[in-house]
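Read through the structure below, which is laid out as structure tokens, and then see the notes.
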Amino acid sequence: MGQTTTQPLKKSYVLNLVLALMSMMLVLPFIWMVLTSVKHITEVGDASWVPGAAGWQWSNYLDVFQAIPFDLYMWNSVLVASWVTLLVLVTSSMAAYSFTRIDWPGRDKVFFLYLATMMLPGLVTMIPNFQIMIHLRLVDTLTGLVIPAASTAFGTFLLRQFMLSIPRSYDESASMDGASHWSIYCDIILPLARPGLITLGIFTFISNYHSFFWPLVMLRTQEKYTLPIGLLHFETAAGESTHLLMAAVTMSILPAIVVFLLFQKFLIKGIQLGGVKG
Amino acid sequence: MSVSASKKRRALISGLAFLTPNIICVGLFTIFPVFFSIGMAFTNWDLTQHNMFKDVPLRFVGFDNFVELFRNLYFWQYLGNTLFLMIGIPFAMAGSLGAALLLNQNARSILRRGGLLLLATVGLTGACLLLVTLGMAASATVILVVSVAVAVLMTGTVGGSMVYRTLFYMPHFTAGVATFLLWKKMYDPLTGPINQALNPVLSGLEPMVLAAPDRTFSWLAIALVLVIGWLAMSWIGKMRGECADGDLGPAAFVLCVLLLLAPLLFLGFRAMPRYLWFPLSVGAVLITLFHAGRFLWSERMRARGPWEGAGGALLLTGGLLTLSLILFGLSLVSHHLPAMAAEGLDPPRWLVAYHWAKPALMIMAFWGAIGSNNMLLYLAALSNVPQDLMEAADIDGAGAIQKFWYVTWPQLAPTTFFILTMSVIIGLQGGFEMARAMTEGGPAGATTTLSYYIYSEGFETGRLGYASAVAWIMFIMVFSITIVNWKFGSRYVND
Amino acid sequence: MKHVFVIAFLVLSVLSVVTAMLRPDPQSEHPVLYWVTNPQETRHRQARAFVDWIDRTHGLQVDFRIDSDNDDLRKKIIQGVSGVAGDLIDFRSGDHIHFAHAVGMIEDVTESARAKGFPADKTYEAAIPEFVFEGRQYGFPAGSFIHMYWINEAVFEQYDLPLPRERMTLEEFEELGRKFVERANPPGARQERFFLFGSGTFIANALRRGLGGDVFNETLTAATLDSEESVESMEIIHRWTHDYGIMPSAADMASFAAEQQGDAHVAIPLFARGQFALLLWGRSAVTYFRPLGLDTGLSVMEPPNVGFPNTSMGVRMVTIYKKTPNRELAEYFLQYLMSEDYNRIIAEEGEDMPPDPAHARTDAFLHPPDHPNEWGAHDTFARAAEEIAIGEPFSPFVLPGTVHRIWSRAFSEIMSDRRSIHEALGIATDRINAEIASAIAHPDNEHLLERYNRALEDQQRIDDLLARGEPVPLSLIRNPYYQRYYLYTGQAYDDGAES
């Protein structure tokens, strides 16, 4: 940015002010959320955002664990999201390898078909999928949440874009040396595709961490609830205890924020590379 | 020959082998269900009748499900809801673009030159936080908000765009049931912070409205309607000019005019007194016919095809239509304001009020959408705007607005078009999570979108055949948007 | 990267296995039974008592769990057809049981009920239509409820009015009600105190039946909501609400911040505060009164008598899920519902009527030691359940839920003056009959058509006999109301045959 040095100081302050105000508006709900989560029950619903005479009730966070098995929900969510992430990374990277590094007849037609499935509304497939789950006896299991999500056209597409940007010269020399596709995939392409894999991994993890529709349809027993389902259940069951709900909400979005702060470089790159999703 | 054939076969085998894990999953949970669900849409599959306990044969019912769907008033209401919620898209896009422009303008850091400012803010924030922790009830809220704003400003000046970008992106990244529940609590009519903030504002506004001279607000309402008319007519005039120059095809022109006028005339018919509506609509139609006539008689019709320039023109027409709708709403509000003030101005009851539930959801969606992926895409596109174009504009002495309009905006067109179509596609399928977590589709179906309808018919009522039919109607709509995307978007997309 | 994948895979596998092992184990050492029911504290007491009971009487160990997360009709149905519902499922209205039966997800227990001692005729006669279809039994009531008018005696003392008698004529009732409204509300001010609060559709049903009419005809083949009796009953309710102020209108209720009429959290405190003199509720109202500390005298009266004293009975049913792996144990639970252990809990906690009518005569039921203020009420409930309670008319030709929806809509149209009584009831009747016509015309329903035609012949015979003023043999009548009503009026005789 060549402008940086020439930018007038006044303009810069004004810009900063506008940006700060905008971010402020966007962040306000979160501030309210955190403040409400430490209010005493008698002060919930007061006009003042800040906890009053009753003091800051950090113990609300502990009370959440008394009210609902929050740790169990969180654990289920993380477990499911991790499994899906792992499986998606493996299946998508293998497929992307096939689409970029092996010249088999009909390859581009199949890839086009893959792309086309990205356009399908998820709802179209949900209803038959639920019937499949009934027949596989996977309703109300965490396995049933993982398996249908284990491969996505989007992941294949993103990694294909990424692998196309890896120069072929790297693997061609190995191929000359007689290396098999499997070893090229494992030893050359996978390490080189690491940034792409991280990007896709975070996307997959977060979207499955937030996943709502499918678990809502599939889960029945409380021990298997994932966080979104558990939160919704808590909200309908909690009634008056807004402060506890806000504490639970705070704790549930914290991991997402941490993941984002750690990996935002990869994320932004991934979005700009792969078009968009969501 | 045989060597290359066997090589080909080997490539095919290894290619497919690498694809196998993926293809099994996609095949079983995407491709097969798609075909299965087409079949279901033509059956009377009802879980209460056809399930593991009963031996009632499934029957193909042809297009019965679709006929029922088109006759079902609820379907149209829910389709209407879905489309209504999509009015938020242009705003979200404008917000994203604005955020991206600001971020793009902002320098990396002004730390060295802002040292003094920095020290002052640190001190101020510290003092505020101290006050807050000591616990000062109502004023503490104000102090807290101010101090957080200052803190944001401070970190922003130090950290540059990165900080703002992170903050902008946070609502989108955390969006899910958790934030929906957060907003549900914020929208609470009595205990939510939104109405608690609105209450004093409204009670301050009330005497002012009542004190205004008679009919002030009626005249304001009429003035707003006239502004809408002026906007629409000048836009039609401008488009006619573009037609004459050959930048806009005749079919695109007609489509744009219809898109702009039809909703406005319809809404006016529903909401305005007839003595106002008749002269306005007759005037609008006459002016339009005049333009169309001039255009038809003009000899300089040089458009390359009937659909020339349709994409951009439709985009801008849609934007203008949205703006007109807002003005129209303002006009209505202003017309009814004195009567409302006489009864006492109450803040909306948001999610539990029939007419406010959808706007409430749109506001929330807007909050999440400003800093979304769209902003990042715009940022990427902005960094690709050729610098020499900007410099050329600088040399021509163009102002900031002109530079945006004549240099940046055309360069952003492909991105804008892409974002728009993607947003429409997502919007058509959207609304389920919000509806399920916040309103259960209510009040009185005001927030039931097509996706929620499919869910409730399929998974709550158990009418799988009918739900599949609705899902396929949705698919057809999504698919046609995709076709539009290919047809008009292809010229923008080079890669 | 490949190592990362492998390590991640191993770690996740280990974690999954550990999770599966730590989770409250479905493969516990005893068989597990899930009971899908509403989230009430007393359910846990009942569950513990069952575990003790089955150990004592059958020497069986069972891990009995309560599932109150899925206590929603739609969830129960969808989970039922997905093969993952609980072993025992509660349904709280006949409409729901009929729906679940139509879906085919609940077990026919007729034979085992006889063998294990919980056949339908052991419980209240009026409850039977709720869970016996075509002579087959599907479950057993965990409790039956009849609706009566609760009397807050202190309120009558306060306004110096005589206490209502257990059975009053319509004229007496209206006179008392108007007097109350007059004395309790200062003139000119907005009316805040009402004589009676309760579900309007229910009150209308009781009045209609008192006058000699019902939702369906004798053979349940056609809706008769447009009958003279039906119109008259609606006229009574309408004048109670809009002319006399005996009952609150929807607008009045809105000012009480009650979103739904009949919401226990709103109605019961208002009754306890004396805002309503009478409250239409089952015996389970005491489970709300007791925590509120309401210690004024309480008694109950029957719905006002317009000719034939009656009230209707509903049940909270426990059914057995067809896919349960523990059918035998689930049946023991139904057996337990007839046991001393269970019925005593119901009697003590004031939860509706015990499944075993004999327990409504015990001291624990009639005179709960800690609540002498209720003593005037329980006896009336016990007698009413046997003497004046009548089952709902469930037509096999149309889903009861549909009927209920159509009738409620007509009711609200009348009460909000959007339609005249004649018009609204006429439309509702036509709609129900259209539903019946389309159900029997459906190609999948041939057996239904056969039944319908047979019932139509019976109806013809009944109509002929009635026209000639001759008594009707009871076995021709399918509607439980007409069975009782015609016996009462002498228009029918018991021919001893199974109907």
Side-chain angles (χ1 to χ4, degrees), chain A residues 4 7 9 12 15-20 23-24 26-27 29 31-33 45 47-50 52 91 94-95 97-98 102-105 107 117 119-121 123-125 127-129 148 150-151 156 181 210 212-213 217 228 231-232 235 242 245 249 252-253 256-257 260 264 268 271-272 276, chain B residues 11-12 14-15 18-19 21-22 25-26 29-30 33-34 36-37 102 105-108 110 113 132 135 137-138 140-141 144 148-149 152-153 156-157 164 167-168 171 173-174 176-178 181-182 185 191 193 196 373 376 380 422 429 433 437 451 454 458-459 464 467-468 471 474-475 478 482:
Chain A
T4 311
Q7 198 164 32
L9 193 60
S12 186
L15 256 178
N16 265 298
L17 205 62
V18 174
L19 282 167
S23 358
M24 190 59 207
L26 294 179
V27 176
I31 297 176
W32 182 79
M33 166 186 82
S48 168
W49 286 27
V50 184
T91 58
M94 285 175 71
Y97 181 85
S98 176
I102 307 174
D103 286 310
W104 45 281
R107 183 181 81 173
T117 64
M119 287 298 151
L120 274 174
L123 282 162
V124 171
T125 56
I127 295 169
N129 270 343
S151 86
T156 311
H181 277 302
H210 288 319
F212 180 54
F213 192 112
V217 170
L231 282 180
L232 191 68
E235 200 263 339
T242 304
L245 182 69
V249 167
S252 78
I253 65 175
I257 293 178
F260 174 66
Q264 62 165 319
I268 289 161
I271 290 162
Q272 292 170 350
V276 274
Chain B
L12 183 63
S14 48
F18 270 87
L19 213 53
N22 203 316
C25 208
V26 169
F29 296 110
T30 306
V34 167
F36 196 70
S37 112
L102 286 172
Q105 289 283 313
N106 190 36
R108 215 165 277 271
I110 52 166
R113 285 178 292 174
V132 168
T141 312
L144 179 105
V148 173
V152 169
L153 181 63
T157 45
Y164 299 123
L167 290 176
F168 283 1
F173 199 71
T174 54
V177 173
L181 293 179
L182 166 62
K185 293 295 169 194
T191 59
Q196 282 170 349
N373 296 342
L376 299 180
M422 288 314 281
Q429 306 174 36
E433 301 195 346
S451 57
I454 294 170
F459 295 105
L464 300 184
S468 298
M474 189 164 94
F475 172 75
V478 169
T482 314

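Residue numbers start from 1 in every chain, and the chains themselves are labelled A, B, ... in the order their sequence lines are given, proteins ahead of strands.
Annotation: the span from Thr30(B) atom OG1 to Asn129(A) atom CG amounts to 7.0 Å, rounded to 0.5 Å. Here Arg107(A) contributes atom CZ and Leu12(B) contributes atom CG; the two are 12.0 Å apart, rounded to the nearest 0.5 Å. Interatomic distance, Leu182(B) CG to Leu231(A) CG, rounded to the nearest 0.5 Å: 11.5 Å. Annotation: the span from Leu123(A) atom CG to Met474(B) atom CE amounts to 4.5 Å, rounded to 0.5 Å.
Counting heavy-atom pairs closer than 4.5 Å to chain A, the top residue among Leu19(B), Leu167(B), Thr191(B) is Leu19(B). Interface summary for chain B: among Ile257(A), Thr117(A), Val18(A), Val27(A), the most heavy-atom pairs under 4.5 angstrom belong to Ile257(A). Among Ala437(B), Pro171(B), Cys25(B), the residue with the largest count of heavy-atom pairs under 4.5 Å with chain A is Cys25(B). Between chain A and the options Val478(B), Leu181(B), Ile454(B), the largest number of non-hydrogen pairs under 4.5 Å is found for Leu181(B).
Of all heavy-atom pairs spanning Asn22(B) and Ala95(A), the tightest one is ND2-CB, 3.3 Å. The two residues Ala178(B) and Val249(A) come nearest to each other via the heavy atoms O-CG1, 3.5 Å. Here the shortest heavy-atom pairing between Pro21(B) and Thr91(A) reads CB-CG2, 3.9 Å. The shortest heavy-atom contact between Ser14(B) and His181(A) is OG-CD2, 3.6 Å. Pairing each heavy atom of Phe18(B) with each of Ser98(A), the nearest pair is CB-CB, 3.7 Å.
Phe29(B) has its side chain out of reach of Thr125(A): every pair of non-hydrogen atoms, C-beta onward, lies at least 4.5 Å apart. In this structure the side chain of Lys185(B) reaches within 4.5 angstrom of the side chain of Glu235(A), judged on heavy atoms.
Ring planes of Phe459(B) and Phe213(A): perpendicular class, angle over 60° (limits at 30 and 60°). Taking the six-membered ring for Trp and thresholds of 30 and 60 degrees, Phe173(B) and Phe260(A) have ring planes inclined between 30 and 60 degrees apart.
Within the 4.5 angstrom heavy-atom criterion, atoms from both the backbone and the side chain of Ser23(A) approach chain B. Residue contact with chain B, scored on non-hydrogen atoms closer than 4.5 Å, involves the backbone and the side chain of Val124(A) alike. Residue contact with chain A, scored on non-hydrogen atoms closer than 4.5 Å, involves the backbone and the side chain of Ser37(B) alike.
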